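Bear in mind the structure is a predicted one, so any value in this text is a computation, not a measurement. Chain letters run A, B, ... following the sequence lines, proteins first and then strands; every chain starts at 1.
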There are 2 protein chains.
Amino acid sequence: MTRFAFTIEFDGGPFYGLQRQKDGPSVQQSLEEAIHGVTGEDVRAHAAGRTDAGVHALAMRMHADIAKDIAPFRLMGAINAHLRPDPVAVTHCEVVPDDWHARFSCIGRSYLYRILNRRAGPTLDRGRVWHLAPDLDAGAMHAAAQVLVGRHDFTTFRSVHCQSDSPVKTLDRLDVTRNGEEVHIRAEARSFLHHQVRSMVGCLSLVGRGQWDTEKLGSALAARDRQQLGLNAPPEGLYFVRATYPGEQE
Amino acid sequence: MTRFAFTIEFDGGPFYGLQRQKDGPSVQQSLEEAIHGVTGEDVRAHAAGRTDAGVHALAMRMHADIAKDIAPFRLMGAINAHLRPDPVAVTHCEVVPDDWHARFSCIGRSYLYRILNRRAGPTLDRGRVWHLAPDLDAGAMHAAAQVLVGRHDFTTFRSVHCQSDSPVKTLDRLDVTRNGEEVHIRAEARSFLHHQVRSMVGCLSLVGRGQWDTEKLGSALAARDRQQLGLNAPPEGLYFVRATYPGEQE
């Protein structure tokens, strides 16, 4: 058996999430079926993160163990041929050591959240952004976001379905910038709670609209109470950007 | 009657083109019906360019004459509400003089063509880029493109369905740049022939693959013969970026 690591790009729109679901299509199922199409093997694919329905990925990392003797370059091309027409593509493929694990070896995860901030709704970017018409103050959002950076109990920003052992996480970065008609939020941490990024973005959007301020965001965090969450942002604006592993350049 | 100018963004994918068609949906029809929905008036909308089926627009300019007394800001919001769920949005609306014409007053048009140049096909950008797997030499493409800049008879790069009086046009700019996995071609001119950008891009892609060189491109231009066209690029990578009018900043 050889362990292959894959870099995966996908449009989360048509999927019920990354992880296999009983009731609908998943990225994991697409990849596993494509590998089966190439090798005839029933493999189990593991991912750096379990993104929700509608959430996209620019460079998710996954791995699977394959018995067939095949070069990574050829395997990638063959998997991509089998993945069509699903909106999933393998953009890189390499052989990794047997103890390399897409989820457990991962030491850094990075997300981007895109808000389209203009009166008119999205056209070309429909399903790719969260549309908010009221003017957002990105500077106020960035300033407030800094109270969330660091090691905290993020219970307020955690889904009731979260399976993490602990609500305590260290948020390394939470930057808000305006790029023309869009407001971008970038979040980096070793790991995140379920819905954490979307919950932080939802509350930051209230800051951007002037309904919340930094103090209110800080007290919501300190409350450690999901009832204090202002708003959970929708999945379609969220992108899994990058997973980092030991020895890889950030 | 008041003449309103609209800036329009649209996803060309579901349309048979910008201009009204007998057999399928068009951007013009969507806009005219939305205006009818707001005002009850049967208007005729005019556009800076008549883009083909599948071609997108970031900022097309259109105009229509409307009798109803309504402020541009309110008109824009009401039209956008009526445009849903079509992937068309009015991003700006203003009152213009009665002799301002979206097509005939336009003194500059600018297009962007996006090529996704990697082995894996597009996922999030499906229908938004032309996928070409072989490595393209963007530097060679840019160098060759300069033989097309200037005043020429572009018959080789003109659709047989082109309705322009003359095949002679002045191409002001044709730049090719690499942006990571994408190759971008930007074209600017007062006006273009039908299929001119897609035909130029198609031939430049042959240069990028090493199948054509600058000399071959120059001789194809000089031949003034549609049979000398190497390749017509598909519509989905093409974006109408901007129309310029007298008195407006470039």
Side-chain angles (χ1 to χ4, degrees), chain A residues 6-15 27 30-31 34 54-60 72-93 112 114 116-129 131 133-134 180-181 236-241, chain B residues 6-15 27 30-31 34 54-60 72-93 112 114 116-129 131 133-134 180-181 236-241:
Chain A
F6 306 100
T7 304
I8 311 273
E9 178 188 284
F10 61 84
D11 169 8
F15 295 106
V27 176
S30 282
L31 181 65
V55 175
H56 315 295
L58 302 180
M60 176 57 73
F73 187 75
R74 281 201 51 229
L75 179 61
M76 179 174 108
I79 290 174
N80 280 333
H82 279 273
L83 279 169
R84 286 183 204 117
D86 295 351
V88 183
V90 178
T91 59
H92 186 73
C93 175
L112 165 68
R114 291 173 59 192
L116 178 63
N117 187 217
R118 68 176 189 189
R119 285 172 49 80
T123 65
L124 285 155
D125 285 325
R126 196 172 285 182
R128 308 275 182 272
V129 293
H131 177 225
E181 291 181 330
E236 64 262 27
L238 185 58
Y239 296 74
F240 186 97
V241 171
Chain B
F6 306 100
T7 304
I8 311 273
E9 179 188 282
F10 61 83
D11 169 7
F15 295 105
V27 177
S30 283
L31 181 65
V55 175
H56 315 295
L58 303 180
M60 177 58 72
F73 187 74
R74 281 201 50 231
L75 179 61
M76 178 173 108
I79 290 175
N80 280 332
H82 278 272
L83 279 169
R84 287 186 203 114
D86 295 350
V88 182
V90 178
T91 58
H92 186 72
C93 175
L112 165 67
R114 291 173 61 192
L116 178 63
N117 187 215
R118 68 177 189 189
R119 284 171 51 80
T123 65
L124 286 154
D125 284 326
R126 196 172 285 183
R128 308 275 183 272
V129 293
H131 176 227
E181 290 180 332
E236 63 263 28
L238 186 58
Y239 296 74
F240 186 96
V241 171

If you tally heavy-atom pairs under 4.5 Å between each of A:I79, A:T123, A:D86, A:V90 and chain B, the highest tally belongs to A:T123

CZ of A:R126 to CG of B:D11, rounded to nearest 0.5 Å, is 8.0 Å

Considering only heavy atoms and a distance below 4.5 Å, find which of A:E181, A:H56, A:R128 pairs most often with chain B. A:R128

Does B:L124 reach the side chain of A:L58, with side-chain heavy atoms less than 4.5 Å apart? yes

Correct closest heavy-atom pair for A:G121 and B:A89 would be O-CB, 3.7 Å

Chain B contact via A:A57 - side chain, backbone, both or neither, heavy atoms under 4.5 Å: backbone

pair B:R118-A:T91: side-chain heavy atoms closer than 4.5 Å: yes

